[in-house]
Amino acid sequence: MTEIPADHPRHDSLVTRHRIEDGVERGITSKQGLIAQGRGEAYDYLLGEETIPSADEAERVAAAHLLLADHPVLSVNGNVAALVPGEIVELAEATGADLEVNLFNRTEARMEAIAAYLREHGAEDVKGLKADARIPGLEHERAKVDADGIYDADVVLVPLEDGDRAEALATMGKTELVIDLNPLSRSAQSAAVPIVDNVVRAVPNITRHARELAGASTEELEEIVDSFAREAALDAAEAAIRDGDLQ
Ligand code: ATP
């Protein structure tokens, strides 16, 4: 990986870009993943490349949902695996969630490569390879999930999910926590908890909140979940992007 000077003004963004490139070279990230990254970068630039207060609140709410869930599952695609492999494993550990590989452009080679990469980063059980259940309303390849994974989950974290599948999962009655830098995307719009933040910042921050909330009672967690206003979070993010004061 090319060395990027720590004082470079676009240091974090360049590191992220290199991780995605590396993901493509390892056979983890698809070429479409590069385009998705570019789209995300544009929004992140307008957000000031920071976690805005409404996103931090949504991340705390997401942590509370994961802790309250009967069966939480974290969905991992090629961009998430390339950007936050160790961090997503830590989040699974902190919340007792399962990890499931879930790809828009599913190939067995990429599924295997991602599962192996997660295991290298400490994951013990990685779901998604059995593909023995289907999400209703989607065509064959994109509908595949594990019966004892996403299909059975009550709460699913879907970072960078494709809009159609996010809508289909919401229709199945799952509580969807979506990380997406575009507050207008269909994924963010169909989420119970839209988190408008870069996955690179969001995942470790959800883990931090989950650790802080580990001793909280069910009532306290439910209060956090119930006090969340999804429309207000989406509006705050859109306002930050449209009116942000670019430095
Ligand atoms: P829609 O949800 O409106 O159907 P889409 O699924 O077609 O949109 P894609 O172009 O596939 O959207 O884009 C991927 C989405 O992921 C974009 O909305 C982009 O902002 C978001 N994204 C890309 N990189 C990141 C990242 N690092 N962190 C968070 N979100 C990201």
Side-chain angles (χ1 to χ4, degrees), residues 1-2 12-44 73-92 97-131 135 138-146 149-151 153 156-169 176-182 185-188 191 195 197-204 206:
M1 199 183 277
T2 323
D12 292 356
S13 162
L14 293 175
V15 168
T16 305
R17 198 177 281 186
H18 281 296
R19 279 196 212 154
I20 289 282
E21 269 180 64
D22 189 50
V24 175
E25 274 159 26
R26 285 172 187 271
I28 286 173
T29 310
S30 68
K31 285 186 192 155
Q32 286 89 342
L34 289 170
I35 297 167
Q37 171 65 23
R39 201 168 172 190
E41 274 184 20
Y43 290 109
D44 207 15
V73 175
L74 314 182
S75 169
V76 180
N77 69 10
N79 287 48
V80 173
L83 292 176
V84 285
E87 293 86 344
I88 200 85
V89 172
E90 273 188 50
L91 177 58
D98 280 334
L99 289 165
E100 177 158 344
V101 185
N102 185 20
L103 302 181
F104 182 69
N105 299 295
R106 184 186 175 102
T107 67
E108 288 315 304
R110 219 149 65 74
M111 295 290 296
E112 296 284 353
I114 293 173
Y117 197 56
L118 291 174
R119 283 190 214 104
E120 258 176 57
H121 285 82
E124 276 165 22
D125 184 26
V126 181
K127 297 190 187 297
L129 299 163
K130 286 197 293 236
I135 303 171
L138 292 178
E139 42 84 11
H140 191 68
E141 281 306 298
R142 290 168 51 213
K144 288 181 172 175
V145 283
D146 276 15
I150 287 178
Y151 191 81
V156 194
L157 176 78
V158 280
L160 284 66
E161 182 57 285
D162 143 71
D164 275 356
R165 203 158 41 186
E167 282 176 356
L169 287 170
E176 260 192 302
L177 321 171
V178 166
I179 304 172
D180 193 318
L181 280 158
N182 177 7
S185 78
R186 282 179 300 147
S187 320
I195 300 166
D197 198 6
N198 198 317
V199 76
V200 169
R201 296 186 299 268
V203 169
I206 300 172

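Index from 1, following the sequence.
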Exercise for the section: For Glu124, look at atom CD and say whether over 12 heavy atoms of other residues, nucleotides or ligands are found less than 6.0 Å away. Expected result: no

Practice task
Please say whether more than 12 non-hydrogen atoms of neighbouring residues, nucleotides or ligands are located less than 6.0 Å from CZ in Arg119.
Solution key: yes

Partner set under salt bridge (charged side-chain N to carboxylate O under 4.0 Å, His left out) for [X], not counting sequence neighbours:
| X | result |
| --- | --- |
| Glu25 | none |
| Asp162 | Arg142 |
| Glu87 | none |

Do [X] and [Y] have side chains that approach each other closer than 4.5 Å (heavy atoms only, starting at C-beta)?
| X | Y | result |
| --- | --- | --- |
| Gln37 | Leu83 | yes |
| Val80 | Ile88 | yes |
| Val76 | Ile114 | yes |
| Glu161 | Val156 | no |
| Asp44 | Arg201 | yes |
| Leu99 | Asp125 | no |
| Leu129 | Glu112 | yes |
| Tyr117 | Arg26 | yes |

Would you give the length of the straight line joining atom [atom1] of [X] to atom [atom2] of [Y], rounded to the nearest 0.5 angstrom?
| X | Y | atom1 | atom2 | answer |
| --- | --- | --- | --- | --- |
| Ser187 | Asp180 | OG | CG | 5.0 Å |
| Glu90 | Ile206 | CD | CD1 | 13.0 Å |
| Lys127 | Ile150 | NZ | CD1 | 11.0 Å |
| Asn182 | Arg39 | CG | CZ | 6.0 Å |
| Phe104 | Asp164 | CZ | CG | 7.0 Å |
| Ile195 | Leu177 | CD1 | CG | 6.0 Å |

Please report the closest heavy-atom contact between [X] and [Y], naming both atoms and the distance.
| X | Y | value |
| --- | --- | --- |
| His121 | Gly86 | CD2-N, 3.8 Å |
| Ile28 | Ala82 | CG2-N, 4.2 Å |
| Asn77 | Leu103 | CA-CD2, 3.8 Å |
| Ile135 | Ala168 | CG2-CB, 3.7 Å |
| Glu100 | Val73 | CB-CG1, 3.8 Å |
| Asn198 | Ile179 | C-CG2, 4.5 Å |

Problem - Pair Glu108 + Arg110, salt bridge at N-O below 4.0 Å - result: no

Handout entry: side chain to side chain contact (heavy atoms under 4.5 Å, CB included) assessment of Asp12 paired with Val200
Key = CA-CA 9 Å; Asp12 292 356; Val200 169; over 6 Å; no

Exercise for the section: Say whether, by atom type as modelled, one donor and one acceptor occur between the side chain of Asp146 and the main chain of Ala131 under 3.5 angstrom. Expected result: yes

Handout entry: Asn79 (side chain) donor-acceptor with Gly33 (main chain) under 3.5 angstrom
Key = yes

Exercise for the section: Show your working on side chain to side chain contact (heavy atoms under 4.5 Å, CB included) between Val84 and Leu91 and close with a plain yes or no. Expected result: CA-CA 10 Å; Val84 285; Leu91 177 58; over 6 Å; no

Problem - side chain to side chain contact (heavy atoms under 4.5 Å, CB included) evaluation trace for Arg165 with Val158 - result: CA-CA 10 Å; Arg165 203 158 41 186; Val158 280; over 6 Å; no

